[in-house]
Amino acid sequence: MKQIIIVDVESDGQVPGFNSMVCFGAVIVDKAGKFDKTFYGETAPISNNFNPEALAVSGISRDQHLKFPHPGTTMSDFSNWLNSIPGSKVLYSDNNQFDGMYMNYYCHKFLGLNPFGWSSRRIGDLFCGFFNDPYYKWKKHRKTGHTHNPVDDAKGNAEALYWLYTQGYKLF
């Protein structure tokens, strides 16, 4: 059984390793349309490089970020959460170039492997294919507002993906 895990990442810049993940959220999508199984993690910086504008998006200051838990601790907690979920996991996100890249880097760096494997899915591409429209505006199907709290943002993305499922997309 495959489990769909929607992930959203906030960071202090564009490039993992050069920049740091600030926090992330994950939400499980289930057939009942419940989005109550979530994970939230904060990670201390792994680099002195940061873009103040990128960090400001999260609403978290550099001083706050410096006090967050060591990424190894947070990633271990995330791994334990994932392991409590039966079946294989597939990472879905709004922007795999960003969210998936950060998760892949942090999982490999702090866990030694990526529990999602080699692949992930971009939600927007599923909508574009389903509607045969490369510019389909899928974000209108979110119910939870996009606040840059990564759990809120992951929930909104999960809601949109679930809406696609209710339209006949074979998700499960």
Enumerate, atom names and distances included, each donor-acceptor pair closer than 3.5 Å involving a side-chain atom of residues 13-22, sequence neighbours excluded.
from, atom 1, to, atom 2, distance (Å)
Asn19, OD1, Gln14, N, 3.2
Asn19, OD1, Val15, N, 3.1
Ser20, OG, Ile46, N, 2.9
Ser20, OG, Ser47, N, 3.3

Between side-chain atoms of residues 24-34 and protein atoms elsewhere (two or more places apart, or another chain), which donor-acceptor pairs fall under 3.5 Å?
from, atom 1, to, atom 2, distance (Å)
Asp30, OD1, Ala32, N, 3.1
Asp30, OD1, Gly33, N, 2.9
Asp30, OD1, Lys34, N, 2.9

Distance-only donor-acceptor pairs under 3.5 Å for side chains of residues 73-81, two or more places apart:
from, atom 1, to, atom 2, distance (Å)
Thr74, OG1, Glu42, O, 2.6
Asn80, ND2, Ser76, O, 3.4
Trp81, NE1, Thr38, O, 3.4

For residues 119-129, please give each side-chain donor-acceptor pair under 3.5 Å, one per line with the distance, not counting sequence neighbours.
from, atom 1, to, atom 2, distance (Å)
Ser120, OG, Asn96, ND2, 2.9
Arg122, NE, Asp94, O, 3.2
Arg122, NH1, Asp125, OD1, 2.7

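Of the possible donor and acceptor atoms, none in the side chain of Glu10 sits under 3.5 Å from a partner among the backbone N and O of Val57.
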Practice item. Could you give me the CA-CA distance, side-chain angles and deciding distance for Leu164 and Leu171, then say whether side chain to side chain contact (heavy atoms under 4.5 Å, CB included) is met? Key: CA-CA 8 Å; Leu164 186 64; Leu171 190 58; over 6 Å; no
Exercise for review: Mind running side chain to side chain contact (heavy atoms under 4.5 Å, CB included) on His70 and Phe110 for me, showing each step along the way?
Suggested key: CA-CA 10 Å; His70 185 275; Phe110 296 105; 3.8 Å; yes
Exercise for review: Tell me, with the steps shown, if Phe172 and Ile4 meet side chain to side chain contact (heavy atoms under 4.5 Å, CB included).
Suggested key: CA-CA 9 Å; Phe172 302 100; Ile4 297 169; 4.1 Å; yes
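Val151 and Phe39 are not part of a single hydrophobic cluster, where members link through side-chain heavy atoms under 4.5 Å apart. No single ILVMFWY cluster, assembled from side-chain heavy atoms under 4.5 Å apart, contains both Met103 and Val90.
A search for ring-ring contact (aromatic ring centres under 6.0 Å, His included) contacts involving Tyr40 returns nothing, not counting sequence neighbours. Scanning for side chain to side chain contact (heavy atoms under 4.5 Å, CB included) contacts around Leu66 gives Pro45, Arg62, Asp63, with sequence neighbours left out. With sequence neighbours excluded, the residues satisfying side-chain hydrogen bond (donor to acceptor under 3.5 Å, both in side chains) with Tyr136 are His141. Checked against salt bridge (charged side-chain N to carboxylate O under 4.0 Å, His left out), Asp8 has no partners two or more places apart in sequence or in another chain. Lys67 meets the side chain to side chain contact (heavy atoms under 4.5 Å, CB included) test with no other residue; sequence neighbours excluded.
From Ser11, atom OG reaches atom CE of Met101 across 8.0 Å, with rounding to the nearest 0.5 Å. The CZ atom of Phe116 sits 4.5 Å away from atom CG of Leu91, with the distance rounded to the nearest 0.5 Å.
Minimum interatomic distance between Val9 and Asp99 (heavy atoms only, all atoms of both residues): N-OD1, 2.8 Å. The heavy-atom pair separating Ile60 from His65 by the smallest distance is CG2-N, 3.9 Å. The two residues Glu53 and Asn51 make their nearest non-hydrogen contact at N-OD1, 2.8 Å. Contact between Lys140 and Lys137 at its shortest, heavy atoms only, is CG-O, 3.2 Å.
For the pair Ser88/Lys2, a side-chain contact is recorded, criterion being any heavy-atom separation below 4.5 Å from C-beta on. Taking 4.5 Å as the limit, every side-chain heavy atom of Phe35 sits out of range of all side-chain heavy atoms of Asn157. With contacts defined as side-chain heavy-atom distances shorter than 4.5 Å, the pair Tyr92/Ile6 qualifies.
Evaluation of the salt bridge (Lys or Arg N to Asp or Glu O under 4.0 Å) test over residues 146-164, restricted to residues two or more places apart or in two chains, returns none. Residues in residues 101-116 take part in these side chain to side chain donor-acceptor pair (under 3.5 Å) pairs, two or more places apart or across chains: Asn104-His108, Asn104-Asn114.
Annotation for Lys89: atom NZ counts as buried by contact number, over 12 foreign heavy atoms lying within 6.0 Å.
Under the 30°/60° scheme for interplanar angles, the aromatic rings of Phe130 and Tyr169 are found to stand perpendicular.
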